[in-house]
Structure formats: C-alpha cells, structure tokens
There are 2 protein chains.
Amino acid sequence: MQNKSNTMTIGGLAKAADVHIETIRYYQRRGLLKEPDRPLGGIRRYGSTDIDRLMFVKTAKELGFSLNEISDLLRLEDGANCLEASALAEHKLEHVRKKIVRLKRIEKVLHEMVGRCHAQQGNVFCPLIESLHEGITKA
Amino acid sequence: MQNKSNTMTIGGLAKAADVHIETIRYYQRRGLLKEPDRPLGGIRRYGSTDIDRLMFVKTAKELGFSLNEISDLLRLEDGANCLEASALAEHKLEHVRKKIVRLKRIEKVLHEMVGRCHAQQGNVFCPLIESLHEGITKA
DNA sequence: GTTACATCCGTAGCTGGATACGGAGTCAAT
DNA sequence: ATTGACTCCGTATCCAGCTACGGATGTAAC
C-alpha cells in the first residue's frame with residue numbers, strides 16, 4: 001500500500017518540508033497526515049509522498065485555507081466517493097476562484113501604485129481600498 | 001478632514017460590514033481602523049469610507065494576510081512616503097502574485113476533478129497534491 | 001424624566017494553530 | 001554495552017485573533 005522507499009524519519013521529513021517536528025505530529029493528530037505504522041514498537045519512516053502532502057498543507061494554509069478546509073481538500077485527493085468528491089470540489093472551486101479574483105484586484109492596484117510612485121514625486125492617491133471594495137460589492 | 005456624512009454608529013458599521021462590534025474595537029486598538037473623535041464625551045460616528053476600510057481588512061484576511069500585513073497594506077493606502085510605499089508595494093505585489101499562481105494551480109486541479117467525476121464512474125486518481133507540488137518547487 | 005437600548009472601555013476568556021517539555025523507548029556507532 | 005542523538009506520546013503552554021462581560025455613560029422615544 002505504501003511506497004517501499006520510505007526512508008526518512010520524522011526529523012528528516014520536518015527538515016525536507018521546513019516545518020517544525022511538532023507541527024507534523026499535530027497534523028497527524030488532526031488527521032491531515034496519516035502516520036505510517038511503526039515496525040514493532042520501532043520508529044516510523046516517511047517518504048516523498050509524505051513530503052508532498054505536508055507541503056500541500058503548508059501552502060494551502062498560506063493561501064488562507066483553514067486546517068478543516070485543507071482536510072476537505074485532502075479527502076478529495078484521497079478518492080472517497082466520486083460523487084461526493086465532485087460536489088465538494090465544485091464548492092471549493094468556486095471558493096478558490098473568488099480568492100483569485102480578489103487577489104488579482106489587489107495585484108492590479110499594487111502594480112499601479114508602484115508605477116505611479118516611480119513616475120512622479122509626492123503623495124499620490126492610491127485607491128487600494130476602493131478597488132477592492134468594487135470587487136466585493138460586485139462579486 | 002473627514003466626510004461630513006458620518007452618520008452611522010459603531011453598531012451600524014458592524015452590521016454594514018457584517019462583523020462583530022468587538023472586532024471593530026479590536027481593529028481600532030490594533031491601529032487598523034482609526035476611531036473618529038467623539039463629540040464631547042459623546043458617541044462616535046462612522047461613514048462609508050469606514051465601511052470600505054473595514055471590508056478591506058475582512059477580505060484581505062480571508063485571502064491569508066495577517067493583520068500585520070494588512071496593516072502594511074493600509075499604510076500604503078494612507079499615503080506615507082511614496083518611495084517607501086513603492087518598495088513595500090513591490091514586495092507585497094510579489095507576494096500576491098505567488099498566491100495567485102498557487103491558487104490557479106489548485107483551481108485547475110479542482111476543475112479537472114469535477115470534469116472527470118462527471119465523465120466517469122468509480123475512483124479516479126486526482127493529483128491535487130502533485131500539481132501543487134510542482135508549483136512549489138518551480139516557483 | 002424615566003425607560004429602553006447603545007456606546008464606551010478595560011479586562012477576562014475563548015478558539016485555532018502551533019510549540020515546548022519531559023520521561024521512556026529506539027537505534028546506530030563506537 | 002554504553003553513549004549520544006533521535007523518536008514517541010501525553011500534556012502543558014503560547015500566540016493571534018477574536019469574543020464576552022460588566023459597569024458607567026450617553027441618547028432617543030415616549
């Protein structure tokens with residue numbers, strides 16, 4: 001069931017993904033990462049798929065997903081029921097698209113700000129908030 | 001200095017932006033929102049620019065920015081020094097662009113998942129994690 | 001001018017997410 | 001077979017970001 005090249009210990013995994021060891025244990029407790037069974041009271045070994053999964057959690061978190069939402073996303077990845085997964089995926093997809101739209105709006109304004117500041121001196125009115133506000137009311 | 005049509009009380013502002021009153025007070029304490037001076041020990045009034053600003057905080061938070069980062073963004077908006085602002089804006093811009101790239105990757109995979117689930121029955125391998133992994137290592 | 005309700009403000013408490021701690025067990029190298 | 005570094009696991013603590021509480025004050029309606 002598992003890649004035979006599970007060679008790392010938890011410390012190596014932590015280093016590979018650049019997270020704290022205790023964070024890995026915490027994610028395991030939350031069910032975000034599954035802990036490989038340990039050979040006769042021995043020490044657990046991890047492989048590259050574990051790095052991927054861990055990195056995914058890390059990244060998604062930075063994108064503003066809660067651990068519960070990430071858990072949802074991971075359940076999709078894990079197969080589960082295809083119909084259920086599809087519904088969930090559509091829901092998350094919408095969620096993600098909204099985020100992209102709003103980020104793009106911020107991007108645009110930041111870009112303009114940089115441009116204007118480079119172009120001229122003195123204080124310029126930088127409508128960061130208004131721009132986002134449009135986004136909110138229209139979306 | 002302020003729009004004369006500051007007509008709302010804090011409760012109205014809270015309702016308008018759909019946040020908890022205490023959250024507004026908290027943001028004021030953190031310096032994210034400025035509290036209008038209150039007329040001779042009276043009650044503060046808020047206007048539409050306050051709603052905008054508050055909505056901005058709310059939205060940015062959902063996009064994964066910390067309150068400190070949001071504070072940075074708001075200082076940009078507030079004018080400050082143009083050169084300093086420009087540097088900060090460029091930095092944030094890069095940050096935002098990375099987020100967009102990663103979200104788009106998630107979007108793509110979710111989209112594919114939905115499509116595949118609609119197209120066929122049974123469990124399909126849905127490479128959500130791998131796709132994001134590429135993104136991380138290449139970005 | 002009293003009732004009903006909101007604001008104000010300081011402080012305490014809560015939740016999610018992560019870290020720290022410490023004693024017992026494991027393992028590899030010498 | 002002992003040392004040194006690491007793992008395991010349960011529990012405790014920490015931090016950000018709120019949310020609740022409560023008593024004093026303000027205010028609009030009757």
Side-chain angles (χ1 to χ4, degrees), chain A residues 2 5-47 50-51 53-75 95, chain B residues 2 6-47 50-51 53-75 95 99:
Chain A
Q2 202 133 247
S5 66
N6 278 1
T7 176
M8 275 175 293
T9 150
I10 196 173
L13 177 58
K15 214 161 275 177
D18 192 29
V19 302
H20 201 286
I21 287 185
E22 302 297 330
T23 304
I24 296 174
R25 308 184 125 306
Y26 175 66
Y27 288 168
Q28 288 175 336
R29 263 177 268 141
R30 300 251 334 205
L32 291 172
L33 308 177
K34 47 195 90 153
E35 27 194 342
D37 0 77
R38 44 187 243 170
L40 292 168
I43 281 176
R44 280 181 257 273
R45 299 279 163 175
Y46 301 85
D50 296 304
I51 302 183
R53 199 171 170 106
L54 181 49
M55 291 297 281
F56 176 78
V57 174
K58 192 184 173 191
T59 305
K61 220 185 36 187
E62 287 169 16
L63 292 171
F65 293 95
S66 72
L67 293 190
N68 280 335
E69 289 171 327
I70 294 171
S71 180
D72 289 346
L73 289 170
L74 287 172
R75 260 189 285 112
H95 184 180
Chain B
Q2 204 132 246
N6 277 1
T7 178
M8 274 175 293
T9 146
I10 196 173
L13 177 57
K15 216 162 273 176
D18 192 29
V19 303
H20 201 285
I21 287 186
E22 302 296 331
T23 305
I24 295 174
R25 311 184 123 305
Y26 175 68
Y27 288 168
Q28 289 175 336
R29 264 177 268 141
R30 299 251 335 205
L32 291 172
L33 308 177
K34 47 195 89 156
E35 27 193 341
D37 358 78
R38 46 187 240 169
L40 292 168
I43 282 179
R44 281 181 257 273
R45 299 278 162 175
Y46 301 85
D50 296 304
I51 302 183
R53 199 172 170 105
L54 181 49
M55 291 298 280
F56 176 77
V57 174
K58 193 184 173 192
T59 306
K61 220 185 37 188
E62 287 169 16
L63 292 171
F65 293 95
S66 72
L67 292 190
N68 281 335
E69 288 171 327
I70 294 170
S71 179
D72 289 345
L73 289 170
L74 286 173
R75 260 190 285 113
H95 185 180
K99 285 197 177 200

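Chain letters run A, B, ... following the sequence lines, proteins first and then strands; every chain starts at 1. Predicted model, so just to flag it, every value in this text is computed and none were measured.
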Would you mind reporting whether [Y] and [X] have side-chain heavy atoms less than 4.5 Å apart?
X	Y	value
A/His20	A/Tyr26	no
B/Asp50	B/Met8	no
B/Tyr27	B/Leu67	yes
A/Leu54	A/Thr23	no

Could you list, one pair per line, each protein nitrogen or oxygen that sits under 3.5 Å from a nitrogen or oxygen of nucleotides 24-30 of chain D, together with the distance?
none

Strictly below 4.0 Å, heavy-atom distances to any atom of DNA chain C: list the hits from residues 14-30 of chain A, or just say none.
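When residues 14-30 of chain A is checked for heavy atoms under 4.0 Å from DNA chain C, the hits, listed by number, are A/His20, A/Glu22, A/Thr23, A/Tyr26, A/Tyr27, A/Arg30.
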
Using heavy atoms to find the nearest nucleotide of DNA chain D for A/Glu35 and B/Phe65 separately, return the residue whose nucleotide is more 5′.
A/Glu35

Strictly below 4.0 Å: does A/Thr9 bring a side-chain N or O up to OP1 or OP2 of D/dT7?
yes

Is there a donor-acceptor contact under 3.5 Å from the side chain of A/Arg38 to the main chain of A/Ile43?
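No; judged by distance alone, with no hydrogens or angles, the pair does not exist.
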
Ignoring hydrogens and geometry, is there a side-chain-to-backbone donor-acceptor pair from B/Arg53 to B/Leu32 under 3.5 Å?
yes

Polar side chain donor-acceptor pair, A/Asn6 to A/Arg44, under 3.5 angstrom
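There is no such pair (donor and acceptor under 3.5 Å, judged by atom type) between the side chains of A/Asn6 and A/Arg44.
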
State which residues pass salt bridge (charged side-chain N to carboxylate O under 4.0 Å, His left out) with A/Glu22; sequence neighbours excluded, sorted by chain then number.
none

What range of DNA chain C does chain A touch, first nucleotide to last, counting atoms under 4.0 Å from its heavy atoms?
C/dG17 to C/dC27

Pairwise salt bridge (Lys or Arg N to Asp or Glu O under 4.0 Å) hits with a residue in residues 59-74 of chain A, at least two apart
A/Glu62-B/Arg102, A/Asp72-A/Arg75, A/Asp72-A/Lys92

Under the rule for side chain to side chain donor-acceptor pair (under 3.5 Å), what residues qualify as partners of A/Asp18, not counting sequence neighbours?
none

